[in-house]
*Asks:* 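Pasting a structure here, questions to come.
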Amino acid sequence: DGSIVWGRELQPIHWRDQLRINKFPLWIIGSTEFGRPTLKEIVSHNTKTGTIVVDSWNPSLEYAHNVPISLDTVKMLYYVMKAEMSFSDSY
């Protein structure tokens with residue numbers, strides 16, 4: 001909460017190709033799994049199954065880590081170009 005994030009949308013036609021998660025680890029993901037656009041780190045992308053595995057940077061135990069998400073549930077995908085965290089650190 002309170003972070004400011006700049007991103008660029010990746011059109012769905014490109015989701016079939018390997019995502020550039022090494023260059024852009026942080027993503028804004030709009031999925032029916034989350035209910036609202038959420039900032040997550042994509043740790044892997046399986047192009048054969050159409051799934052991504054996301055991790056939360058939130059240390060709280062209520063947030064799941066290494067969660068598989070089907071790209072069928074994703075409505076928008078933005079790679080993060082810059083993030084200013086609410087605690088004054090930048091990515």
*Asks:* Just jot down the side-chain contact (heavy atoms from CB on, under 4.5 Å) partners of Ser44, sequence neighbours excluded, or say none.
*Replies:*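 With sequence neighbours excluded, Ser44 shows a side-chain contact (heavy atoms from CB on, under 4.5 Å) to Val53, given in chain and number order.
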
*Asks:* To the nearest 0.5 Å, tell me how far Glu9 CD sits from His14 NE2.
*Replies:*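 NE2 of His14 is found 10.0 Å from CD of Glu9.
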
*Asks:* Who are the side-chain hydrogen bond (donor to acceptor under 3.5 Å, both in side chains) partners of Thr47, not counting sequence neighbours?
*Replies:*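 Thr47: no side-chain hydrogen bond (donor to acceptor under 3.5 Å, both in side chains) contacts found.
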
*Asks:* Please identify which of these residues, Val5, Leu77, Ile28, meets the side-chain contact (heavy atoms from CB on, under 4.5 Å) condition with Pro37.
*Replies:*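 Exactly one pass, corresponding to Ile28.
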
*Asks:* For Ser31, which of Val54, Ile69, Leu71 qualifies under side-chain contact (heavy atoms from CB on, under 4.5 Å)?
*Replies:*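 Going through Val54, Ile69, Leu71 one by one, the side-chain contact (heavy atoms from CB on, under 4.5 Å) with Ser31 is satisfied by Ile69 alone.
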
*Asks:* Check whether any side-chain heavy atom of Val80 lies under 4.5 Å from a side-chain heavy atom of Leu39, and answer yes or no.
*Replies:*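 In contact.
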
*Asks:* When rounded to the nearest 0.5 angstrom, what is the spacing between NE2 in His45 and CG in Asp17?
*Replies:*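 Taking NE2 in His45 and CG in Asp17, the distance rounds to 8.5 Å.
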
*Asks:* Do Ile29 and Met76 come close enough that some side-chain heavy atom pair is under 4.5 Å?
*Replies:*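 A side-chain contact under 4.5 Å is absent here.
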
*Asks:* My understanding is that only residues two or more places apart in sequence, or in another chain, count here; which of them pass side-chain contact (heavy atoms from CB on, under 4.5 Å) with Arg8?
*Replies:*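 By the side-chain contact (heavy atoms from CB on, under 4.5 Å) rule, Arg8 matches Tyr79, Met81.
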
*Asks:* Holding to side-chain hydrogen bond (donor to acceptor under 3.5 Å, both in side chains), I want the full list of residues that pass it with Glu33, two or more places apart in sequence or in another chain.
*Replies:*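 Partners of Glu33 under the side-chain hydrogen bond (donor to acceptor under 3.5 Å, both in side chains) test: none.
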
*Asks:* We want to know whether Ser70 and Thr51 form a side-chain donor-acceptor pair, criterion being a heavy-atom distance below 3.5 angstrom.
*Replies:*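 No.
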
*Asks:* Using a 6.0 Å distance limit plus a 45 degree cone around the ring axis, check whether Lys40 lies over the aromatic ring of Trp27.
*Replies:*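 Verdict for Trp27: no cation-pi partner in Lys40.
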
*Asks:* Check the pair Ile42 / Leu19 against side chain to side chain contact (heavy atoms under 4.5 Å, CB included), numbers first and verdict last.
*Replies:* CA-CA 9 Å; Ile42 297 178; Leu19 299 176; 4.0 Å; yes

*Asks:* Pro12: what forms a side-chain contact (heavy atoms from CB on, under 4.5 Å) with it, not counting sequence neighbours?
*Replies:*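 Per chain and number, Pro12 pairs via side-chain contact (heavy atoms from CB on, under 4.5 Å) with Trp15.
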
